[in-house]
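Heavy atoms only: backbone and side chains are in, while hydrogens, waters and symmetry mates are out.
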Amino acid sequence: MEPSSFKMHGVEIVDPYLWLEDGESGRVRRWTEEQNAWTRAHLDALPKREEIKRRLGELLSIGNISPPVPRKGRYFYTRREGQQNQPILYVRDGLHGRDRVLIDPNGLSPDGTVALDWWYPSPDGKLLAYGLSRNGDERSTLYILDVDTGRNLTEAIPNTRAASVAWLPDSSGFFYTRFPAPGSVPKGEENYHRRVFLHKLGTDPTKDEEIYRREERPSEWPSVELSRDGRWLLISVGRGWAANDLYIRDLRREDARLIPVAEGREAIFDGAVIGDKLYIRTTEGAPHGRILVVDAANPRRDAWREVVPESAAATIESFAIIGGKIFVNRLERASSRLSVYTLDGKLEDELKLPTLGSIGGVTGEEDGTEAFFGFSSFAFPPTVYRYDLRGKRTDRWESVEAPGVDPRSVEVKQVFYPSKDGTRVSLFLVYRKDLRFDGDRPTLLYGYGGFNISLTPSFNRGLYLWLEHGGVYAVANLRGGGEYGEEWHRAGMLERKQNVFDDFIAAAEHLIRERVTNPKRLAIQGGSNGGLLVAAALTQRPDLFRAVVCQVPLTDMLRYHRFLIAKLWIPEYGSADDPQQFKYLYAYSPYHRVRKGERYPATLITTAESDTRVDPLHARKFAAALQAANASENPILLRVETKAGHGAGKPLSKQLEEATDIWSFLFWRLGLSF
């Protein structure tokens with residue numbers, strides 16, 4: 001057992017719950033079982049719990065659908081319907097043909113905990129590379145499916161978490177990323193050292209040719225892309241969420257080497273090769289993004305030419321080149337816009353979207369005549385649209401039915417409020433149209449604020465339970481996110497992370513000031529980096545909130561980088577090993593800001609044993625510290641899920657159980673009647 005205190009940079013750090021970091025110890029397991037029992041004693045006894053669960057079961061049965069990936073007349077897409085635990089991957093032969101099941105994860109485990117993590121069809125649509133993982137751990141194994149027969153080939157390549165795959169034009173193999181096998185690197189390093197390999201079908205994966213590695217920077221994140229003709233290999237190497245390196249290689253040359261397109265620069269560079277031209281989206285000199293073009297054979301910077309300029313009003317999130325056109329997905333005031341340009345940068349079309357909402361991916365083929373995109377909003381169920389490039393017409397391709405839900409009854413309003421330093425921050429308010437604000441409405445405030453991730457209007461099934469019974473939902477677009485460009489992101493990174501917490505606290509104060517709610521009727525919720533957010537808000541302003549839902553959080557910011565994949569996040573947060581970064585991390589680290597004798601609001605902290613992103617130790621230590629320090633009668637509850645991870649691939653049955661606990665807790669603490 002480690003001591004309960006230690007020194008960092010001359011500062012004595014009191015850490016009485018260091019022992020809770022060892023999730024494998026018998027003592028910690030017994031403690032966790034006791035915590036779960038204590039939590040169940042509270043949550044299982046809540047009034048109307050079964051009615052809440054029944055309604056949530058109806059709402060969560062509303063399905064989901066992804067935009068199809070077309071390949072030579074075949075359309076690959078996922079759909080989840082009804083009580084299915086996991087989405088099913090289908091293939092459709094022809095635009096309006098019959099769907100055929102390719103991969104149904106629901107039949108691979110009795111409890112639905114095998115998940116389809118990712119999938120890549122070959123250029124001819126005859127083969128499919130895909131990854132499966134178990135219990136939410138995201139440690140995928142790569143398989144190859146023969147689309148015609150529905151049978152797997154002999155390949156089974158482990159350690160392919162979040163794999164990037166680029167098929168060769170003749171479908172004889174692919175470039176891909178994988179992590180080192182356990183035992184091949186020092187213990188604890190298995191989640192780093194991601195490398196690029198070339199695999200030829202039917203060969204031994206352990207002998208695959210290694211294409212890229214950079215051992216001196218083990219936390220970098222390479223991804224691959226290959227031009228349609230197979231000549232140009234692009235490797236993007238992420239260095240956090242604000243910068244990456246981009247390399248290109250001419251595979252037709254025997255002496256080919258990786259040529260730096262952008263290296264060592266503090267900006268984002270996304271690339272795609274069309275013919276002999278390399279198109280690049282970058283934030284360098286353009287925090288809202290712009291798109292440039294250069295000859296792939298000679299991508300020197302002085303030859304870069306701008307084709308889509310930066311806009312002060314909107315941020316380019318992504319682009320795709322389909323049918324000889326550039327599709328540009330922008331965010332304007334935290335909502336999606338989709339524009340179509342020629343390869344020379346002439347604006348051809350602005351697609352009309354149904355309402356303020358979110359575009360979920362744009363798909364199509366380089367030589368195709370159609371593009372697809374997903375769309376949803378707070379009151380608009382997931383829908384896939386097809387855009388005909390020849391007729392410039394948008395039609396609905398497939399959608400999700402939402403029986404028992406009336407989107408017309410929902411009001412969505414966007415407002416702006418000042419943060420502590422005067423920065424204007426946007427906030428979405430979602431509520432029933434007949435509701436009137438009287439300063440006493442039960443309100444749930446949600447936020448994230450990090451990693452360049454944007455919170456845009458999206459369809460939240462369980463939220464309708466809250467809205468139906470008079471609750472208000474608020475989503476804040478905090479600094480640290482990507483809603484307003486790279487400067488907005490950087491304003492919430494590293495030593496500026498406190499801005500994110502200030503923005504969130506200011507959102508709560510705005511809701512109170514504008515007589516939407518009051519501290520006795522206000523709850524906050526966030527997960528992962530958002531779990532850090534609400535934990536920080538809880539410890540900095542416990543007087544503002546009646547209830548807190550803190551999901552899979554980071555809370556110990558002095559030691560976070562020592563566990564699982566957390567070194568990847570040092571570019572975003574910093575590291576306490578650095579004496580200067582230690583100062584600001586220690587200043588806001590929620591675990592270290594818990595104060596004995598403080599009256600904390602009721603708090604539900606959730607985590608999962610198989611989480612391979614954020615170690616459950618954060619939730620355990622934070623819960624223990626709050627329970628020991630709390631001077632109020634409000635309960636501090638810890639919910640530890642088994643056979644589940646950070647959230648990706650969680651089966652519907654486990655989603656329902658967790659949602660029932662969370663919404664029952666919120667109804668109870670905020671006094672919302674069912």
Side-chain angles (χ1 to χ4, degrees), residues 117-123 127-131 133 138-144 155-182 184-185 189-241 243-265 268-273 278 280 296 299 565 567-568 571:
D117 294 333
W118 42 264
W119 46 275
Y120 295 86
S122 63
L127 298 171
L128 180 93
Y130 67 98
S133 65
E138 303 177 55
R139 294 185 173 117
S140 312
T141 296
L142 183 154
Y143 301 96
I144 305 296
E155 273 77 5
I157 306 176
N159 309 311
T160 55
R161 176 184 190 141
S164 176
V165 176
W167 281 93
L168 299 176
D170 62 0
S171 303
S172 63
F174 47 83
F175 294 94
Y176 72 107
T177 59
R178 78 165 188 251
F179 290 87
S184 65
V185 292
E189 293 287 306
E190 298 89 352
N191 294 309
Y192 306 106
H193 305 279
R194 178 172 156 120
R195 301 161 185 168
V196 177
F197 294 87
L198 173 62
H199 178 72
K200 293 296 186 73
L201 296 182
T203 64
D204 181 356
T206 64
K207 298 179 180 178
D208 285 347
E209 179 187 356
E210 187 174 272
I211 303 299
Y212 176 88
R213 77 153 75 185
R214 194 147 60 181
E215 286 303 296
E216 70 275 16
R217 298 177 182 176
S219 61
E220 292 184 335
W221 189 272
S223 299
V224 294
E225 194 168 322
L226 190 64
S227 63
R228 184 168 170 266
D229 61 6
R231 179 178 179 181
W232 302 102
L233 174 66
L234 283 177
I235 298 181
S236 172
V237 183
R239 295 183 281 110
W241 282 257
N244 70 291
D245 298 332
L246 185 63
Y247 301 93
I248 192 168
R249 178 176 172 183
D250 185 352
L251 298 179
R252 290 185 182 174
R253 297 183 53 173
E254 290 188 7
D255 61 344
R257 60 184 181 88
L258 286 175
I259 304 297
V261 177
E263 189 175 45
R265 296 180 177 272
I268 294 293
F269 299 87
D270 296 333
V273 178
L278 170 61
I280 305 166
I565 65 171
K567 287 180 184 176
L568 298 176

Ignoring hydrogens and geometry, is there a side-chain-to-backbone donor-acceptor pair from [X] to [Y] under 3.5 Å?
X: Tyr247; Y: Val237; answer: no
X: Glu155; Y: Gly202; answer: yes
X: Ser164; Y: Val224; answer: yes
X: Thr160; Y: Ser140; answer: yes

**Request:** Answer with yes or no after comparing the ring centroid distance for Tyr212 and Trp221 against a 6.0 Å cut-off, counting only values under it.
**Result:**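 That pair fails the under 6.0 Å test.
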Please round to the nearest 0.5 Å and tell me the distance separating atom [atom1] of [X] and atom [atom2] of [Y].
X: Arg239; Y: Ser219; atom1: CZ; atom2: OG; value: 10.5 Å
X: Leu168; Y: Leu251; atom1: CG; atom2: CG; value: 8.5 Å
X: Ile235; Y: Glu225; atom1: CD1; atom2: CD; value: 11.5 Å
X: His199; Y: Thr206; atom1: NE2; atom2: OG1; value: 10.5 Å
X: Asn159; Y: Leu142; atom1: CG; atom2: CG; value: 11.0 Å

Are side-chain heavy atoms of [X] and [Y] found at a separation under 4.5 Å?
X: Ser223; Y: Arg194; answer: yes
X: Ile211; Y: Leu233; answer: yes
X: Lys567; Y: Asn191; answer: no
X: Phe175; Y: Leu234; answer: no

Closest contact, heavy atoms only, [X] versus [Y]:
X: Thr203; Y: Asp208; answer: OG1-OD1, 4.0 Å
X: Pro180; Y: His193; answer: CD-O, 3.5 Å
X: Val273; Y: Ala296; answer: CG1-CB, 4.4 Å
X: Ile248; Y: Pro299; answer: CG2-CG, 4.2 Å
X: Trp167; Y: Pro121; answer: CD1-O, 3.4 Å
X: Ile268; Y: Ala243; answer: CD1-N, 3.6 Å

**Message:** Please determine whether the number of non-hydrogen atoms from other residues, nucleotides or ligands lying under 6.0 Å from atom CD of Glu254 exceeds 12.
**Reply:**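 Incorrect, the count does not exceed 12.
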**Asked** Within 45° of the ring axis of Phe179 and under 6.0 Å from its six-membered ring centre, is that where the NZ or CZ of Arg161 lies?
**Response**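 No, Arg161 and Phe179 do not form such a contact.
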**Message:** The test is side-chain contact (heavy atoms from CB on, under 4.5 Å); show your working for Phe269 and Asp245 and say whether it passes.
**Reply:** CA-CA 7 Å; Phe269 299 87; Asp245 298 332; over 6 Å; no
**Item:** Partner of Phe174 under side-chain contact (heavy atoms from CB on, under 4.5 Å), chosen from Leu226, Leu198, Leu201
**Value:**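 Filter result, single survivor: Leu201.
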**Asked** Which of these passes ring pair (Phe, Tyr, Trp, His ring centres under 6.0 Å) with Tyr130: Tyr120, Tyr143, Trp119?
**Response**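 Between Tyr130 and the candidates, ring pair (Phe, Tyr, Trp, His ring centres under 6.0 Å) is satisfied uniquely by Tyr143.
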**Prompt:** Checking salt bridge (charged side-chain N to carboxylate O under 4.0 Å, His left out) for the pair Arg252/Asp250: CA distance, chi angles, key distance, verdict?
**Reply:** CA-CA 6 Å; Arg252 290 185 182 174; Asp250 185 352; 5.5 Å; no
**Request:** Apply the test side-chain contact (heavy atoms from CB on, under 4.5 Å) to residues Phe197 and Ile157: give CA-CA distance (whole Å), side-chain angles for both, the deciding distance (0.1 Å), then the verdict.
**Result:** CA-CA 12 Å; Phe197 294 87; Ile157 306 176; over 6 Å; no
**Prompt:** Salt bridge between Arg195 and Glu215, side-chain N to carboxylate O under 4.0 Å?
**Reply:**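 Here Arg195 pairs with Glu215 in a salt bridge, since their nearest N and O are under 4.0 Å apart.
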**Request:** Evaluate the side chain to side chain donor-acceptor pair (under 3.5 Å) criterion for residues Tyr176 and Arg178: first the C-alpha distance (whole Å), next the side-chain angles of each, then the deciding distance (0.1 Å), finally the verdict.
**Result:** CA-CA 7 Å; Tyr176 72 107; Arg178 78 165 188 251; 2.4 Å; yes
